[in-house]
Undergrad: 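Sharing a structure, written as structure tokens. Questions coming.
Whatever order the structure lists them in is the order used to number ligands and atoms, beginning at 1.
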Amino acid sequence: MKMDQFFNVSLNIAVTGVTGSGKSSFVNVLRGLKDDDVGAAPTGVTETTMEPVMYEHPEMPNVKIWDLPGIGSSNLKSEKYLKDVKFNTYDFFIILSSVRFMENDIMLAKEIRKQKKDFYFVRSKIDNDISSEKEKKGFDEQKVLSIIRDDCQKNLKELGDPKVFLISSRNLQKYDFESLQNILEDELPEHKKYALLQAWPVCSAASLEKKINMFKRIIWAVSLASACIAVVPVPGLSAACDLGILVNFLTRCYYAFGLDERSLTRLSEKVNKPHLKDLAKSKFVTAIREKALTRLQGSTAVATIGTVEYFLSLLPGVGSVAAAGISFATTRYLLTEGVNDLANTAQVIRKEAGLTFIH
Ligand SMILES: Nc1nc2c(ncn2[C@@H]2O[C@H](COP(=O)(O)OP(=O)(O)O)[C@@H](O)[C@H]2O)c(=O)[nH]1
Ligand SMILES: [Mg+2]
């Protein structure tokens, strides 16, 4: 795998469905934002535009989530609709509905298929259905979910029984958010998987585990890439570039594991445990936070020499080698240490939040 594939592959996700189906809220959760965060897609407002609105993932600008105008908000035919929203921009479509899927949704899916793109049906706002059924006698959550599922599935028969994912943007830990991730991973081309796995919000212990394993799997490739760059004969530059990859890699890791300030605040508010943030003070977490690499611009440009030296100082005896460019083995060691440290911290925090066994 090329390093560029890890850092820079673009992934464009289109979110569509009728007005009010929960598109903008879904766009926000995919970006790890709350509806009232700065830069979040406005929700609960009537659509005034027919243009798709692009939202970059806050830490991974190569992942773009598009809030599409509702197909039901005009009389556009699906063919024209797809042309108008420039369907070729997207890797796949997510079609949302908060009720059963309608003729519009089905026509749209057919047209998407005709254009050889993929679509996934999401039945949104499941928490609403559950809470309104909860009051009834003999309430059985699984039964309610399967009734909703069957009802949606019945409407989609003519498309060859595509799977429907039941999702609540208010609670990603529950229902089918994780299954959607799994299917997307299965069906996306190899190089796009890395982007998806990095950007997708952590929704369970298993999904965190998957991210950890992905980062571990590519340590070898990252070390190799940084070692190759180190032989570029530009004095003073090689060490910085070389280690820039390393710093970027660990910074990606930090965000992907949800260790940044915003993710931790969100989690601690959700489970009402303000002390969670205090647990994120391992040496690598602190190093990344202090150097405040708030936004990653792809590959190596953001890592300054100062940051690199700071990282190296975390490992006794390594700092002095920096000027000469560090070796493959040292890079690999530093990356392994870093990923393990960040992974442990993330797991401790989930456990403290009481989320370990929730799926
Ligand atoms: N309970 C609940 N409400 C939701 C959910 N998703 C969206 N909403 C609410 O439904 C309304 C419409 O959502 P919005 O995202 O603006 O829909 P859009 O018109 O498709 O973009 C807003 O008031 C949201 O807060 C959800 O998963 N659960
Ligand atoms: Mg909207």
Undergrad: State whether a side-chain donor-acceptor pair under 3.5 Å links Asn12 with Thr89.
TA: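 On atom types as modelled, these side chains do not qualify, holding no pair under 3.5 Å.
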Undergrad: Is any side-chain N of the basic residue among Glu269 and Lys34 closer than 4.0 Å to the acidic one's carboxylate O?
TA: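 Yes, charged N to carboxylate O under 4.0 Å.
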Undergrad: Find out whether the Lys NZ or Arg CZ of Lys83 is both under 6.0 angstrom from the six-membered ring centre of Tyr81 and within 45° of the ring's axis.
TA: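 Relative to the ring axis of Tyr81, which defines the angle, Lys83 lies outside at least one limit.
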Undergrad: Whether Asp341 and Lys283 form a salt bridge (side-chain N of Lys/Arg under 4.0 Å from carboxylate O of Asp/Glu) is what I want to check.
TA: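 No salt bridge links Lys283 with Asp341.
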Undergrad: Identify which of Ser131, Ser25, Ser168 has a heavy atom lying nearest to atom 24 (C) of ligand 1.
TA: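 Heavy atom nearest to atom 24 (C) of ligand 1 belongs to Ser25.
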Undergrad: Counting only nitrogen or oxygen atoms and a 3.5 angstrom limit, does Gly22 reach ligand 1?
TA: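 There is such a contact, yes.
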Undergrad: Do any N/O atoms on Val45 end up under 3.5 angstrom from N/O atoms on ligand 1?
TA: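 No, Val45 has no N/O under 3.5 Å of an N/O on ligand 1.
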Undergrad: Can you find an N or O of Ser24 that's nearer than 3.5 Å to an N or O of ligand 1?
TA: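 Indeed, backbone or side chain, Ser24 has an N or O that close.
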Undergrad: Check Arg113 with Asp118, please: is the shortest side-chain N to carboxylate O separation under 4.0 Å?
TA: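 Here Asp118 does not pair with Arg113 in a salt bridge, since their nearest N and O are not under 4.0 Å apart.
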Undergrad: Which residue and atom name correspond to the protein heavy atom nearest atom 25 (O) of ligand 1, and how close is it?
TA: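 The closest heavy atom on the protein side is Arg170 NH2, 3.0 Å.
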Undergrad: Checking the N or O distance criterion of under 3.5 Å, is ligand 1 in contact with Thr19?
TA: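 In fact, backbone or side chain, Thr19 has no N or O that close.
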Undergrad: Heavy-atom contact check, 4.0 Å cutoff: does Ser21 meet ligand 1?
TA: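 It does, in that a heavy atom of Ser21 comes within the 4.0 Å cut-off of ligand 1.
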Undergrad: Would you call the rings of Phe215 and Phe257 parallel, tilted or perpendicular, taking 30° and 60° as the class edges?
TA: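 Phe215 vs Phe257 ring planes: perpendicular.
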Undergrad: Tell me: protein heavy atom nearest atom 5 (C) of ligand 1, and distance?
TA: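 Minimum-distance protein heavy atom for atom 5 (C) of ligand 1 reads Lys125 CG, 3.5 Å.
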Undergrad: Can you pull out the closest protein heavy atom to atom 27 (O) of ligand 1? Residue, atom name and distance to 0.1 Å, please.
TA: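 For this ligand atom, the closest protein heavy atom is Ser169 N, 2.8 Å.
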Undergrad: Please determine whether a side-chain nitrogen of the Lys or Arg among Glu111 and Lys77 lies less than 4.0 Å from a carboxylate oxygen of the Asp or Glu.
TA: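 Salt bridge between Glu111 and Lys77, a charged N being under 4.0 Å from a carboxylate O: no.
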Undergrad: Strictly by modelled atom types, are Glu178 and Ser207 linked by a side-chain donor-acceptor pair under 3.5 Å?
TA: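 Glu178 vs Ser207: no donor-acceptor pair found between side chains.
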Undergrad: Looking only at N/O atoms, are Asp35 and ligand 1 under 3.5 Å apart anywhere?
TA: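 Checking ligand 1 against Asp35, no N or O pair falls under 3.5 Å apart.
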Undergrad: Among all the protein's non-hydrogen atoms, which is closest to atom 23 (O) of ligand 1, and how far away is it?
TA: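 Its nearest protein heavy-atom neighbour is Gly44 CA, 4.1 Å.
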Undergrad: Are Arg31 and Glu56 close enough for a salt bridge, meaning some N to O gap below 4.0 Å?
TA: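 Judged by the 4.0 Å cut-off on N to carboxylate O distance, Arg31 and Glu56 do not form a salt bridge.
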Undergrad: Regarding Lys23 and Asp67, does a basic nitrogen lie under 4.0 Å from an acidic carboxylate oxygen?
TA: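 Here Lys23 does not pair with Asp67 in a salt bridge, since their nearest N and O are not under 4.0 Å apart.
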Undergrad: Could you tell me whether ligand 1 has any atom less than 4.0 Å away from a heavy atom of Val27?
TA: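 No; Val27 lies far enough from ligand 1 that no heavy-atom distance drops under 4.0 Å.
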Undergrad: Do the charged groups of Asp84 and Lys80 touch, with an N to O distance under 4.0 Å?
TA: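 Looking at Lys80 together with Asp84, the answer is yes, because their closest N to O distance falls below 4.0 Å.
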Undergrad: How about Thr43: does one of its N, O or S atoms come closer than 2.8 Å to the Mg ion (ligand 2)?
TA: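 No - counting backbone and side chain alike, Thr43 has no N, O or S atom under 2.8 Å.
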Undergrad: Is any N or O atom of Gly20, backbone or side chain, closer than 3.5 Å to an N or O atom of ligand 1?
TA: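 For ligand 1, there is an N or O atom that lies under 3.5 Å from one belonging to Gly20.
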Undergrad: Which residue supplies the protein heavy atom nearest to atom 1 (N) of ligand 1, what is that atom called, and how far is it?
TA: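 Atom 1 (N) of ligand 1 sits closest to the protein heavy atom Asp127 OD2, 2.8 Å.
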Undergrad: Which bit of Val18 is near ligand 1, meaning a heavy atom under 4.0 Å away: side chain, backbone, both or neither?
TA: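 Backbone only.
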Undergrad: Measure the distance from atom 20 (O) of ligand 1 to every protein heavy atom, then report the residue, atom name and distance (to 0.1 Å) of the closest one.
TA: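 Looking only at protein heavy atoms, the one closest to atom 20 (O) of ligand 1 is Lys23 N, 2.8 Å.
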